[in-house]
Amino acid sequence: MYFERVEASLTQLHRDTKRVVRPALNGKKVTLTEHGKAVAQIVPLKPLDRKGLCDALRAIGPVDLPPRK
């Protein structure tokens, strides 16, 4: 299996945001570095499974909220 690592510096992100972010739009993680050390990642968002989320909330059941101040 082949894994492609996409890496860019914060300076590159500042200078050419579109080019740095583009791999994340295509499903790849982008690691941002500062002085050669990884500091953050840009990851593609997964679509929300609304039905699954609603089912999970229903499974929790009623929730008692603290009173408002």
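- Residue Leu13 holds its CG atom at 11.5 Å from CD of Glu34, rounded to the nearest 0.5 Å.
- Linking ILVMFWY side-chain heavy atoms closer than 4.5 Å, directly or via other members, places Val39 and Val20 in a single hydrophobic cluster.
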* Test log, rule side chain to side chain contact (heavy atoms under 4.5 Å, CB included), inputs Ile42 and Leu32 -> CA-CA 8 Å; Ile42 301 172; Leu32 298 176; 4.1 Å; yes
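- Annotation: the span from Glu7 atom CD to Lys29 atom NZ amounts to 14.0 Å, rounded to 0.5 Å.
- Residues Val21 and Val30 fall within the same hydrophobic cluster, defined by Ile, Leu, Val, Met, Phe, Trp and Tyr side chains chained together at heavy-atom separations under 4.5 Å.
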Distance-only check: which donor-acceptor pairs under 3.5 Å involve side-chain atoms of residues 48-59, not counting sequence neighbours?
from, atom 1, to, atom 2, distance (Å)
Asp49, OD1, Gly52, N, 3.1
Lys51, NZ, Asp55, OD2, 3.1
Asp55, OD1, Arg58, NH1, 3.1

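- Considering OG1 of Thr31 and NZ of Lys37, their distance stands at 15.5 Å, rounded to 0.5 Å.
- The two residues Pro44 and Ala24 make their nearest non-hydrogen contact at CB-O, 3.3 Å.
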